[in-house]
2 protein chains.
Amino acid sequence: MGEQVFNITELAQEFDITTRAIRFYEDQGLLEPARAGQRRIYNRRDRVRLMLILRGKRIGLSLQEIRELFALYDAAHDDEPQLQEFIRILARKEQQLLAQMEDIKVVLTEIGQLRGQCEKSLGKRGNGHNQAKEL
Amino acid sequence: MGEQVFNITELAQEFDITTRAIRFYEDQGLLEPARAGQRRIYNRRDRVRLMLILRGKRIGLSLQEIRELFALYDAAHDDEPQLQEFIRILARKEQQLLAQMEDIKVVLTEIGQLRGQCEKSLGKRGNGHNQAKEL
DNA sequence: CGATAACTTGACGTTTACGTCAACGTCAAC
DNA sequence: GTTGACGTTGACGTAAACGTCAAGTTATCG
């Protein structure tokens with residue numbers, strides 16, 4: 001009934017990051033793996049944390065923000081002011097994410113239009129001087 | 001019939017950035033405003049460029065990527081290989097953006113769930129030891 | 001036992017995107 | 001004419017997120 005564990009290179013390979021990055025996250029207080037001697041041993045919970053870190057990064061959170069969210073989440077279960085603060089942070093981030101999604105939609109639309117234009121001008125080649133609007 | 005122009009502080013205020021940032025974008029080859037003596041004069045086209053720069057940043061493009069896209073867009077009208085490259089870059093970025101939107105959706109969903117939990121535990125207070133699942 | 005591989009802890013270097021002076025130019029207002 | 005307000009060009013500083021050695025430790029294989 002031994003719990004499943006991982007070493008640092010396994011995690012690095014699984015998530016396609018460097019071991020240096022993983023140690024850096026630990027330096028920043030985002031991970032606290034157990035040790036066997038001086039070597040780091042990661043359990044499933046550590047692995048989940050790492051996944052959360054990486055997803056946080058993908059949506060534009062800084063490591064500091066991720067750490068704050070971890071800390072608040074840990075504290076939020078029995079401290080009401082912390083819990084309120086947690087909710088506020090989440091709401092604020094939600095607004096940022098929604099705004100970002102709007103930007104992304106706009107850009108995707110424009111990409112589609114531009115690609116349409118490109119392929120058209122590839123088809124009827126040789127006109128060479130499309131009027132470039134305003135950019 | 002003089003064209004509408006702006007100076008650097010006007011643009012800085014309008015877009016809530018510093019003049020330093022605007023000059024930095026020029027250093028990086030993203031803007032080329034006219035000059036009146038040594039002072040910079042921005043026209044509507046410069047202003048649109050600045051808007052594009054800022055939107056590019058908001059969706060996670062580096063200044064270098066933005067510059068490349070500008071350059072490719074400029075060249076793409078009469079150079080077919082450039083145009084193909086342009087399309088490839090746009091397609092790649094589109095995939096990144098779609099993946100990012102997926103991440104954002106997941107996080108927004110979780111934020112909603114967490115907020116629900118928070119408000120519930122605020123209502124029926126005093127149980128103090130919610131089982132924190134896996135985080 | 002020695003070699004090799006994998007891991008460890010510093011320590012310093014790097015890139016991006018500006019911030020922050022310093023020192024100077026210029027133009028209108030007093 | 002000088003005093004601000006605003007603008008300019010360097011030059012150096014900074015924070016985030018690692019990369020890149022260097023030098024030592026531990027485990028394992030033959």
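This structure is a prediction, so every number in the text was calculated from the model and none was measured. Chain letters run A, B, ... following the sequence lines, proteins first and then strands; every chain starts at 1.
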* Gap between atom CG of B:L31 and atom CZ of B:F24 - 0.5 Å precision -> 12.0 Å
* To do: Quick one: the dot-bracket string of DNA chain C, using Watson-Crick and G-U wobble pairs with both distances under 3.5 Å, [ ] for crossing pairs and | for bases paired to another strand.
  => ||||||||||||||||||||||||||||||
* Residues in salt bridge (Lys or Arg N to Asp or Glu O under 4.0 Å) with B:E102, at least two apart? -> B:K105
* Structure fact -> In whole angstroms, the gap separating C1' of C:dG13 from CZ of A:F24 amounts to 14 Å
* Between B:I41 and A:A36, who's closer to the 5' end of DNA chain D by nearest nucleotide? -> B:I41
* What residues form a side-chain contact (heavy atoms from CB on, under 4.5 Å) with A:R40, not counting sequence neighbours? -> A:I8, A:R23, A:E26, A:P33, A:R35, A:Y42
* Apply side-chain hydrogen bond (donor to acceptor under 3.5 Å, both in side chains) to B:R20 and list each qualifying residue two or more places apart in sequence or on a separate chain. => none
* Hey, does B:Q28 reach any base, or is it just sugar-phosphate, or nothing, if we go heavy atoms under 4.0 Å? -> nothing
* Structure fact -> Separation of C:dA6 atom C1' from A:F6 atom CZ, nearest Å, is 19 Å
* Asked: Which residues satisfy the side-chain hydrogen bond (donor to acceptor under 3.5 Å, both in side chains) test with A:R58, sequence neighbours excluded?
  -> B:D103
* Taking side-chain hydrogen bond (donor to acceptor under 3.5 Å, both in side chains) as the test, write out the residues that go with B:Q28, two or more places apart. => none
* Asked: Of the nucleotides C:dA17, D:dT9, C:dT8, which one has an atom closest to the side chain of B:R40?
  -> D:dT9
* Return the residues of residues 8-23 of chain B meeting this criterion: a heavy atom under 4.0 Å from some atom of DNA chain C. Order them by number, or give none. => B:T18, B:R20, B:A21
* Structure fact -> Connected to B:V5, directly or through other members, by ILVMFWY side-chain contacts below 4.5 Å are B:I41
* To do: By nearest nucleotide on DNA chain C, pick out whichever of B:Y25 and A:Y42 is the more 5' one.
  => A:Y42
* To do: Sequence neighbours left out, what pairs pass salt bridge (Lys or Arg N to Asp or Glu O under 4.0 Å) with at least one residue falling in residues 8-18 of chain B?
  => B:E14-B:R47
* To do: Begin from the C-alpha positions of A:F70 and A:I53 and carry the test side-chain contact (heavy atoms from CB on, under 4.5 Å) through to its verdict.
  => CA-CA 10 Å; A:F70 281 169; A:I53 293 170; 3.9 Å; yes
Can you pull every protein N or O that's under 3.5 Å from an N or O on nucleotides 24-28 of chain C?
unit_1	atom_1	unit_2	atom_2	d
C:dG25	N2	B:R39	NH2	2.6

* Using side-chain contact (heavy atoms from CB on, under 4.5 Å) as the criterion, list what pairs up with A:Q13, not counting sequence neighbours. => none
* Structure fact -> Whole-Å distance, B:K57 NZ to C:dT16 P, equals 13 Å
* Provide, to the nearest angstrom, the distance between the CZ atom belonging to A:R67 and the P atom belonging to D:dA17. => 10 Å
* Asked: Does A:E32 have any salt bridge (Lys or Arg N to Asp or Glu O under 4.0 Å) partners at least two apart in sequence or in another chain, and if so, which?
  -> none
* To do: Grab the CD-P distance between A:E26 and C:dC7 for me, whole Å please.
  => 14 Å
* Asked: Nearest-Å distance, CG (A:D27) to C1' (C:dT8)?
  -> 12 Å
* Please report, rounded to the nearest Å, how far the P atom of D:dC18 is from the CG atom of A:L50. => 11 Å
